[in-house]
There are 2 protein chains.
Amino acid sequence: MTETTMTIREMCEAFEVTPRTLRFYESKELLAPIRQGQKRLFTKRDRARLKLILRGKRFGFSLEEIRQLLDLYYVGDQQHTQLKRTVEIARERLSDMERQRDELTTAIEELKEQLNWGEKMVAASQGEQKAAE
Amino acid sequence: MTETTMTIREMCEAFEVTPRTLRFYESKELLAPIRQGQKRLFTKRDRARLKLILRGKRFGFSLEEIRQLLDLYYVGDQQHTQLKRTVEIARERLSDMERQRDELTTAIEELKEQLNWGEKMVAASQGEQKAAE
DNA sequence: ACAGCAGTTGACGTGCACGTAAGCTCGACG
DNA sequence: CGTCGAGCTTACGTGCACGTCAACTGCTGT
């Protein structure tokens, strides 16, 4: 059940993606499932990465940007220079994300105000179909 | 200077977009600049909408979704039923955005931790090029 | 032995969000 | 009067993120 590896089908159901998507991500070097003969076997590492990939996508990052980010999450064998560069990239992404969150917060506030206004209008036009003009 | 309308060129510089983009948005009914003969004149309303469009894009909304949202921001002559529906859509978008913000907050925290770790690694590998293995 | 099914590799198709190039129009200016 | 630049339309091209289809391979059960 809670085996260490999963087939492509199991991954698809667990994460609600298609096989095509997983193969595509592998071709872009976002995932690196091990091979048993010809078949792919997805490890715990792949599952963690996929989770991050899907989250990154929801934030509007491109797959290429996500690949950069994943490098940070899974260093471990990088050289100093490479690691330093990765840290820099991550710092930039981090401020991107913080800016994005701040904007989002503002937008939420604005939308809430609009909603209040809209709801008042709906309430006001209850029963009077021809309030316009 | 602070005239009520702007040319396409002025819009482009003000918002850092291309003419093509503005025409494209018009073709998708996101903007509706008035025409003076053949030329487009962008009003204050268009500028407000464009600002919202660009923000929406940064949040990962599609242009079609943004169009839905803009309907809410610029109602004014909607019927009751239509307005009610629009309010519903907006409520859904709002919870989308709040979920997105919460996720983003979590991701920011995680990335910060990773960064701290990464920076420690960088510091630790100062001067010793061959620390690996 | 053979059907059936999960999985695989190309290769081409698709929708979105524009970019880019061609050719037209129109008012301003020397 | 020509032409110059700003803007216009039409139409095809592009990059990304997959979808779709065809043709294979390799177990699995009967």
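Numbered from 1 within each chain, the chains take letters A, B, ... in sequence-line order. The structure presented is a predicted model; accordingly, all values stated were derived computationally and were not measured.
- Remark: P of C:dG19 and CZ of B:F24 are 10 Å apart, rounded to the nearest angstrom.
- Listed here is the closest heavy atom pair of A:T18 and A:C12: C-SG, 3.5 Å.
- Taking atom CZ of residue B:F61 and atom P of nucleotide C:dA17, one finds them 13 Å apart after rounding to whole Å.
- As judged by a 4.0 angstrom heavy-atom cut-off over every strand, A:K28 is placed among residues making no nucleic acid contact.
- Side-chain nitrogen and oxygen atoms of A:Y25 include at least one within less than 4.0 Å of the OP1 or OP2 phosphate oxygen of D:dC18.
- Following rounding to the nearest Å, A:Q36 (CD) and C:dA6 (C1') show an atom-to-atom distance of 13 Å.
- Regarding B:L63, its CG atom lies at a distance of 16 Å from the P atom of C:dG15, rounded to whole Å.
- Contact annotation: A:T18 side-chain N/O to D:dC18 OP1/OP2 distance is not under 4.0 Å.
- Closest approach of B:L31 and B:D46 over heavy atoms only: CD2-O, 3.7 Å.
- Rounded to whole Å, atom P of D:dC18 lies 11 Å from atom CG of A:L50.
- Counting only N and O atoms by type, the side chains of A:T105 and A:D102 include no donor and acceptor under 3.5 Å apart.
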* Going 5' to 3' through nucleotides 7-14 of chain C, assign each nucleotide B (protein heavy atom under 4.0 Å from a base atom), S (under 4.0 Å only from sugar-phosphate atoms) or - (no protein heavy atom that close). => SBB-----
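- Summarising the geometry, the separation between CG on B:L31 and C1' on C:dA17 is reported as 14 Å, rounded to the nearest angstrom.
- If you run side-chain contact (heavy atoms from CB on, under 4.5 Å) between B:L50 and each of B:M11, B:R45, B:R55, only B:M11 comes through.
- Sequence neighbours left out, the pairs with a member in residues 27-39 of chain A that pass side-chain hydrogen bond (donor to acceptor under 3.5 Å, both in side chains) are A:E26-A:R35.
- Computed from coordinates, the A:R67 CZ to D:dA17 C1' distance equals 16 Å when rounded to whole Å.
- Atom CD of B:E64 has more than 12 neighbouring heavy atoms from other residues, nucleotides or ligands inside a 6.0 Å radius.
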